[in-house]
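Notes to accompany the following structure.
Residue numbering restarts at 1 for every chain, and letters A, B, ... go by the order of the sequence lines.
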There are 2 protein chains.
Amino acid sequence: MQNYQNKELILIPKPTLDRLKLYHRFLNEIDFEYVSSEIMSQRLGVSPEQIRKDFTYLKTMGKPKVGYHVETLRKELDELFGVRKTTKVILVGAGHLGKALVNYPGFTQYGIEIVAVFDNDKEKIGKFVNDLAILPMRDLRRVIKRFEVEIGIICVPKESAQQVANLLLTNGIKGIWNFAPVRLLVPDDVFVVDEDMIQSLLTLKHYLELKKQKEKHE
Amino acid sequence: MQNYQNKELILIPKPTLDRLKLYHRFLNEIDFEYVSSEIMSQRLGVSPEQIRKDFTYLKTMGKPKVGYHVETLRKELDELFGVRKTTKVILVGAGHLGKALVNYPGFTQYGIEIVAVFDNDKEKIGKFVNDLAILPMRDLRRVIKRFEVEIGIICVPKESAQQVANLLLTNGIKGIWNFAPVRLLVPDDVFVVDEDMIQSLLTLKHYLELKKQKEKHE
DNA sequence: TAGATTGTTAATCGATTAACAATC
DNA sequence: TAGATTGTTAATCGATTAACAATC
């Protein structure tokens, strides 16, 4: 589950932005020349009106009776999500989750490159995750400066998450993807996206429970 | 990032439900006897009015001039999220991410137990993740029946995700937590929660980009 | 031309915020 | 009692849905 702590600065509404990403993925999977809102609707479970409304936030326009030019749409969404230019990120915490993220395919495909992995466990430092050596925390500053990193991923236990966040911020990080189940305290100009793994499962559990109860009452 | 494919059956609005989970976590971290909406607001970045409004979906009531009884609230939220009774889930796909999830602490704390891990890679079958042996797909049916599993986690590559989903559904699974970046086609009575790792990072990227542009214009 | 599909405006829906009376 | 904090109603805001004219 993803939460947003900062809510200003939003030009495209967040729900629309999320759907645009869904459309983007879909457009990358098909090879038609044109696609209509009706067809996308059937495949993605979003109403055609919604899709057309969402596209009004883009420059690309559709042709009546034909639909939207796939390649044009794809290009504009590539641009919107900055797929072309690589964004360099660092990751702190080389536990199971950290390793999984470094190994996650698809990041590169979306222009995201993990340039370094940090940990404070001496046992881990020097070892490799993929082809990245695990670095000690004291190298943080140097790496951030050198690669002009703006985004940091926090995969440490919740006890040390705030501390790591502070360290990232003092070294110039402006965006944090936080996997630790705590709400981080950060200045207003820093974006934090919380990824709470447990929340998702709790939501599933909750809806299934609700459904059972509903069935009982019928 | 989490998306919901099924939207019926919702008694508590989803935004409220998400915040209730935030409150729940907070209540587990403090040891006051009473807590006011004002104090929670300061710690969680949610307005006090919002918090009080959210609590109207619960039975627990606050005392004017005192606040909410922490223990009572905690208990009711425990109940709401089914923390007490264990939910058994299975996981398909013993890659890096799958392993990370099996090792994720906190699941048990929230009454979630991964009872089995499946993979179709002969190399992996028989090996262990934590203390769970990786099982072949043909054992799926048996395990689901035996443990009365209702939720399945899909951590396989996107190419085989739909196939795995079908298999889960024919064996009675009613909820899927999907880590593969594809939209799964499922019957209406099945809940799917999509966890798209890339979307979160794209969102961060997008907001940072926006901020830069905004600063340029000033 | 007739018909399909877009883009946009208006109506509806739902969630958040504001205001304030109730009350401990 | 006076004051703080709740619970609830009304007002606002924002997003979705519906309707339909524009147009290829």
Side-chain angles (χ1 to χ4, degrees), chain A residues 1-23 26-27 30 32-73 76 203, chain B residues 1-23 26-27 30 32-73 76 203:
Chain A
M1 163 155 312
Q2 191 192 37
N3 291 319
Y4 300 92
Q5 293 192 13
N6 306 62
K7 307 210 166 164
E8 0 142 21
L9 289 177
I10 296 167
L11 293 176
I12 298 179
K14 176 169 146 21
T16 297
L17 199 61
D18 288 347
R19 284 190 300 270
L20 285 173
K21 273 174 264 169
L22 190 67
Y23 308 152
F26 171 73
L27 294 168
I30 58 172
F32 318 145
E33 197 177 346
Y34 285 89
V35 68
S36 70
S37 55
E38 183 56 39
I39 289 193
M40 289 184 63
S41 172
Q42 283 163 21
R43 296 276 215 102
L44 297 172
V46 177
S47 78
E49 298 84 358
Q50 181 78 82
I51 293 174
R52 276 179 274 142
K53 184 78 174 185
D54 288 341
F55 283 168
T56 61
Y57 288 95
L58 305 177
K59 281 172 293 190
T60 307
M61 304 216 100
K63 283 189 194 166
K65 220 184 153 178
V66 182
Y68 299 86
H69 186 66
V70 173
E71 191 54 29
T72 310
L73 262 185
E76 185 171 1
T203 307
Chain B
M1 162 151 312
Q2 190 191 38
N3 290 319
Y4 299 92
Q5 294 192 13
N6 305 63
K7 307 210 165 163
E8 1 143 20
L9 288 176
I10 297 165
L11 294 176
I12 299 178
K14 178 170 144 22
T16 296
L17 199 62
D18 288 348
R19 282 189 302 268
L20 286 173
K21 272 176 265 169
L22 189 66
Y23 309 152
F26 172 73
L27 295 168
I30 59 172
F32 317 146
E33 198 178 345
Y34 286 89
V35 68
S36 70
S37 54
E38 184 57 40
I39 290 193
M40 289 185 63
S41 171
Q42 283 163 22
R43 295 279 213 102
L44 297 171
V46 178
S47 79
E49 297 85 358
Q50 180 78 82
I51 292 173
R52 277 179 272 142
K53 184 78 174 184
D54 288 341
F55 283 167
T56 61
Y57 289 94
L58 305 178
K59 280 173 294 188
T60 307
M61 306 216 99
K63 284 188 194 168
K65 219 184 156 180
V66 182
Y68 299 87
H69 187 66
V70 173
E71 191 53 29
T72 310
L73 263 184
E76 185 173 0
T203 307

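For Thr72(A), the side chain to side chain donor-acceptor pair (under 3.5 Å) criterion is met by no residue, not counting sequence neighbours. With sequence neighbours excluded, the residues that form a side chain to side chain donor-acceptor pair (under 3.5 Å) with Tyr34(B) are Lys63(B). The salt bridge (charged side-chain N to carboxylate O under 4.0 Å, His left out) test applied to Glu71(B) returns Arg74(B), Lys75(B), not counting sequence neighbours. The side chain to side chain donor-acceptor pair (under 3.5 Å) search around Ser37(B) returns Arg52(B), not counting sequence neighbours. Partners of Phe26(B) under the ring-ring contact (aromatic ring centres under 6.0 Å, His included) rule, at least two apart in sequence or in another chain, do not exist in this structure.
For dA15(D), neither phosphate oxygen OP1 nor OP2 lies less than 4.0 angstrom from any side-chain nitrogen or oxygen of Gln50(A). Put simply, Ser37(B) has a side-chain N or O that comes within less than 4.0 Å of OP1 or OP2 on dT6(D). In this model, the phosphate group of dT16(C) is approached by a side-chain N or O of Arg19(B) to a distance below 4.0 Å at OP1 or OP2.
Between the CG atom of Leu11(B) and the P atom of dA15(C) there is a distance of 12 Å, rounded to whole Å. Atom CG of Leu58(A) and atom C1' of dT6(C) are 14 Å apart (whole Å). In this structure, the CD1 atom of Ile12(B) is 16 Å from the P atom of dG14(C), given to the nearest Å. The separation between Lys65(A) atom NZ and dT5(C) atom P is 9 Å, rounded to whole Å. One interatomic measurement links the two molecules: NE2 of His69(A) to P of dT5(C), which rounds to 18 Å at whole-angstrom precision. Residue Phe32(A) contributes atom CZ, which lies 17 Å from atom C1' of dT5(C) at whole-angstrom precision. The distance from atom CD1 of Ile51(A) to atom P of dA15(D) is 18 Å, rounded to the nearest whole Å. Separating the CG atom of Leu17(A) from the C1' atom of dA15(D) is a distance of 14 Å, rounded to the nearest angstrom.
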Can you run through DNA chain D from 5' to 3' and write each base as (, ), [, ], | or . depending on how it pairs? Watson-Crick or G-U wobble, both distances under 3.5 Å. ..||||||||||||||||||||||
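Using a 4.5 Å cut-off on side-chain heavy atoms (C-beta onward), Tyr23(A) and Asp54(A) make contact. Taking 4.5 Å as the limit, every side-chain heavy atom of Leu11(B) sits out of range of all side-chain heavy atoms of Tyr57(B). Residues Thr203(A) and Lys21(B) have side chains in contact (heavy-atom distance under 4.5 Å, counting atoms from C-beta outward).
Closest to the side chain of Pro15(B), out of dG3(D), dC24(D), dA15(C), is dA15(C). The side chain of Pro64(A) lies closest to dC24(D), out of dA15(C), dC24(D), dT17(D).
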Return all side-chain donor-acceptor pairs below 3.5 angstrom for residues 40-48 of chain B, not counting sequence neighbours, or 'none' if the list is empty.
unit_1	atom_1	unit_2	atom_2	d
Ser41(B)	OG	Val46(B)	O	2.8
Gln42(B)	NE2	Glu38(B)	OE2	3.3
Ser47(B)	OG	Glu49(B)	OE1	3.4
Ser47(B)	OG	Gln50(B)	N	3.1

Could you run down the sub-3.5 Å N/O contacts of the protein with nucleotides 7-13 of chain C?
unit_1	atom_1	unit_2	atom_2	d
dG7(C)	OP1	Gly62(A)	N	2.5
dG7(C)	OP2	Tyr68(A)	OH	2.5
dG7(C)	N7	Arg52(A)	NH1	3.2
dG7(C)	O6	Arg52(A)	NH1	2.3

